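Report on the structure given below.
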Amino acid sequence: MKSEELRIATAIVAMHECKYYQKLDDGRVECQLCPHHCHIANGKTGICRSRRNHEGTLISEGYGKPCSLAIDPIEKKPLYHFHPGTKCLSIACTGCNFRCQGCQNHEISQAEPWQCNSYDLSPQKVVDLCIEHHCPGIAYTYTEPLTYLEYVTDIAKLAHEKGLWNILVTAGYVCQKPLKDLLSYLDATNIDLKYFDDSLYQRISGGHLQPVLDTILAMKDAEVWIEITNLLIPGINDDPQMIRRMCQWLVSNGLATAPLHFSRFFPRYKLMDTPITPLSTMQQAKQIALEEGIQHVYLGNV
């Protein structure tokens with residue numbers, strides 16, 4: 001079977017209607033999950049590559065089809081102040097609504113569901129696996145879990161019924177209504193605050209800064225445990241003044257106690273010619289954060 005025929009067959013068998021969209025008069029649909037608000041023609045996907053218009057119905061093609069499963073230490077998320085020393089069941093489906101040029105997981109984040117091997121796991125099966133392997137929580141991670149939010153929410157509801165934690169590792173690019181529907185089931189999150197500059201969000205990742213900041217504040221208001229990651233990429237977002245502005249924003253919005261993880265960049269994807277982040281840059285970033293009042297600062301990938 002040809003790849004395109006396989007994709008269509010898989011999509012039809014595993015159709016799960018998305019919750020957040022509107023049908024348009026011309027057969028297209030408008031996805032209302034994230035700020036892109038993709039207008040999607042029949043047979044096509046939005047920017048995330050995982051939500052497809054099937055004859056006027058928006059389908060989440062990754063629902064129930066995780067491409068990655070693992071048992072991780074919670075510190076790998078990274079979460080350093082949320083039940084340290086425990087493990088979690090990590091799960092991911094393909095897809096991301098960003099196009100980060102230095103993506104560390106582009107093989108699955110920039111792929112359509114049919115392009116990757118996957119498991120067939122209902123939300124109940126995911127929860128059962130977590131319990132079977134004695135993990136106290138589930139982490140939705142590796143790609144962008146907000147692009148398969150319906151699957152995450154269905155798992156998270158069942159997980160809470162069994163007393164399990166729900167951990168979201170995300171870039172935070174989502175509309176407020178879908179996020180609100182998920183918030184009551186979340187216990188902890190690590191949010192990737194990529195750059196404190198809107199033009200960089202547009203140029204390097206294909207998005208905007210403000211929706212990410214809105215997500216951080218919504219998480220805080222909902223009393224979800226928050227940790228922040230900032231991947232320092234040489235020549236892109238390692239400017240000391242940008243780092244200082246980011247830290248000032250966090251402190252001024254009541255997030256001085258939220259752990260901040262500066263992560264070291266290694267060449268990946270479309271930034272293979274970009275050098276590894278110097279340790280001196282990492283150390284300078286940590287010093288700036290401490291000066292601005294961030295109480296817990298960590299260096300990752302060093």
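Values in this document were obtained by computation on a predicted structure and should not be read as measured data. All values below come from the heavy atoms of this structure, side chains included, with hydrogens, waters and symmetry mates left out.
For Tyr298 and His81, the gap between ring centers is short of 6.0 Å.
Linking ILVMFWY side-chain heavy atoms closer than 4.5 Å, directly or via other members, places Phe266 and Phe262 in two distinct hydrophobic clusters. Linking Ile, Leu, Val, Met, Phe, Trp and Tyr residues whenever their side-chain heavy atoms come within less than 4.5 Å leaves Ile276 and Ile233 in two separate clusters. Cluster membership check: Leu69 does not share its hydrophobic cluster with Ile108, using side-chain heavy-atom separations under 4.5 Å among Ile, Leu, Val, Met, Phe, Trp and Tyr. Leu250 and Tyr80 sit in two unconnected hydrophobic clusters of ILVMFWY residues. Membership requires side-chain heavy atoms under 4.5 Å apart, directly or through other members. Ile288 and Ile228 fall within a single hydrophobic cluster, where Ile, Leu, Val, Met, Phe, Trp and Tyr are joined by side-chain heavy atoms under 4.5 Å apart, directly or via other members.
Thr94 places none of its side-chain heavy atoms less than 4.5 Å from the side chain of Trp114. Taking 4.5 Å as the limit, every side-chain heavy atom of Glu132 sits out of range of all side-chain heavy atoms of Asp128. Between Leu79 and Ile167, some side-chain heavy-atom pair lies under the 4.5 Å cut-off. The side-chain heavy atoms of Lys65 and Cys93, taken from C-beta on, include no pair separated by under 4.5 Å. Considering only heavy atoms from C-beta on, Leu186 stays 4.5 Å or farther from Trp225 through its side chain. Side-chain contact between Met219 and Leu183 is present, with at least one heavy-atom pair separated by less than 4.5 Å. The closest side-chain heavy-atom distance from Leu231 to Thr277 is not below 4.5 Å. Within the 4.5 Å cutoff, the side chain of Ile204 has no heavy atoms near those of the Arg99 side chain.
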### Task
Check the pair Lys194 / Cys100 against side-chain contact (heavy atoms from CB on, under 4.5 Å), numbers first and verdict last.
CA-CA 9 Å; Lys194 296 178 181 293; Cys100 300; 3.4 Å; yes
### Task
Just do the side-chain contact (heavy atoms from CB on, under 4.5 Å) check on Ile40 and Arg52 with the steps written out, would you?
CA-CA 7 Å; Ile40 308 170; Arg52 186 179 302 275; 5.9 Å; no
#### Entry: Derivation of the side chain to side chain donor-acceptor pair (under 3.5 Å) call for Asn230 and Tyr195
CA-CA 7 Å; Asn230 180 231; Tyr195 336 93; over 6 Å; no
### Task
Show your working on side-chain contact (heavy atoms from CB on, under 4.5 Å) between Asp187 and Val224 and close with a plain yes or no.
CA-CA 5 Å; Asp187 300 286; Val224 176; over 6 Å; no
### Message
Run the side chain to side chain donor-acceptor pair (under 3.5 Å) test on Thr229 and Asp192 for me, step by step, so that the C-alpha distance in whole Å, both residues' side-chain angles and the decisive distance to 0.1 Å come before the verdict.
### Response
CA-CA 5 Å; Thr229 292; Asp192 186 8; 5.9 Å; no
### Query
Given the rule in the ring pair (Phe, Tyr, Trp, His ring centres under 6.0 Å) test, do Tyr173 and Phe98 qualify, once you have shown the distances and angles that lead to the verdict?
CA-CA 8 Å; Tyr173 206 62; Phe98 277 157; 4.7 Å; yes
### Task
Take His16 and Tyr148 through the ring pair (Phe, Tyr, Trp, His ring centres under 6.0 Å) test and state the conclusion after the steps.
CA-CA 11 Å; His16 186 94; Tyr148 47 94; over 10 Å; no
### Query
Can Tyr201 and His208 be said to form a ring pair (Phe, Tyr, Trp, His ring centres under 6.0 Å), step by step?
CA-CA 5 Å; Tyr201 260 97; His208 291 278; 8.5 Å; no
### Task
Would you please test Cys247 and Leu260 for side-chain contact (heavy atoms from CB on, under 4.5 Å) and show each step?
CA-CA 9 Å; Cys247 295; Leu260 174 59; 4.0 Å; yes
### Task
Verify side chain to side chain donor-acceptor pair (under 3.5 Å) between Asn42 and His54, making sure each step is shown before the conclusion.
CA-CA 6 Å; Asn42 183 40; His54 179 73; 5.5 Å; no
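Side-chain contact, His261 with Glu227: a donor N or O sits under 3.5 Å from an acceptor N or O. Between the side chains of Thr281 and Asp238, not a single donor N or O lies within less than 3.5 Å of an accepting N or O.
Taking NZ of Lys87 as the reference point, atom NE2 of His133 lies at 13.0 Å (rounded to 0.5 Å). To the nearest 0.5 angstrom, Leu33 atom CG is 6.5 Å from Glu150 atom CD.
Applying the side chain to side chain donor-acceptor pair (under 3.5 Å) test between Glu292 and each of Gln287, Arg245, Arg244 identifies Arg244 as the sole match.
Of all the heavy atoms in Leu168 and Pro145, the pair that sits closest is CD1-CG, 3.5 Å. Between Asn237 and Ile243, the shortest heavy-atom distance links the atoms O-CG1, 4.1 Å. Nearest approach of Asn253 to Lys220, heavy atoms of both residues: O-CE, 3.0 Å. Closest approach of Arg268 to His106, counting heavy atoms only: NH2-CD2, 4.0 Å. When all heavy atoms are compared, the tightest approach of Ile294 to Ala258 is CG2-O, 4.3 Å. For the residue pair Ile91 and Ile138, the shortest heavy atom distance occurs at CG2-CG2, 3.9 Å.
At least one donor-acceptor pair closer than 3.5 Å links the side chain of Asn105 to the backbone N or O of Tyr142. Within the 3.5 Å criterion, the main-chain N or O of Met15 finds no donor-acceptor partner in the side chain of Glu61. Here the side chain of Asp239 pairs a donor or acceptor atom with the backbone of Met242 at under 3.5 angstrom. Judged by distance alone, with hydrogens and angles left aside, the side-chain atoms of Asn53 form a donor-acceptor pair with the main-chain N or O of Gly27 at under 3.5 Å. Put simply, the side chain of Asp154 never gets that close to the backbone of Pro123: no donor and acceptor are under 3.5 Å apart. The backbone N or O of Gly172 sits less than 3.5 Å from a side-chain atom of Thr215, completing a donor-acceptor pair. Put simply, the side chain of Gln295 never gets that close to the backbone of Pro259: no donor and acceptor are under 3.5 Å apart. Listed for the Glu75 side chain is a donor-acceptor partner under 3.5 Å among the backbone atoms of Gly85. With Asn190 contributing its side chain and Val169 its backbone, the two residues share no donor-acceptor pair below 3.5 Å. Not one N or O on the side chain of Arg264 forms a donor-acceptor pair closer than 3.5 Å with the backbone of Gly300.
Salt bridge status for Lys77 with Asp72: present, with a side-chain N to carboxylate O gap under 4.0 Å. Salt bridge Glu112/Arg49: absent, no basic N to carboxylate O contact under 4.0 Å. By the 4.0 Å N-to-carboxylate-O rule, Lys23 lies too far from Glu30 to be salt-bridged with it. Residues Arg51 and Glu17 are not paired through a salt bridge, judged by the lack of any N-O separation under 4.0 Å between the basic side chain and the carboxylate.
Residue Glu223 places its CD atom among 12 or fewer non-hydrogen atoms of other residues, nucleotides or ligands, all under 6.0 Å distant. Within 6.0 Å of CG on Asp221 lie more than 12 heavy atoms contributed by other residues, nucleotides or ligands.
Using cut-offs of 30° and 60° on the angle between ring planes, the pair Trp165 and His83 is parallel.
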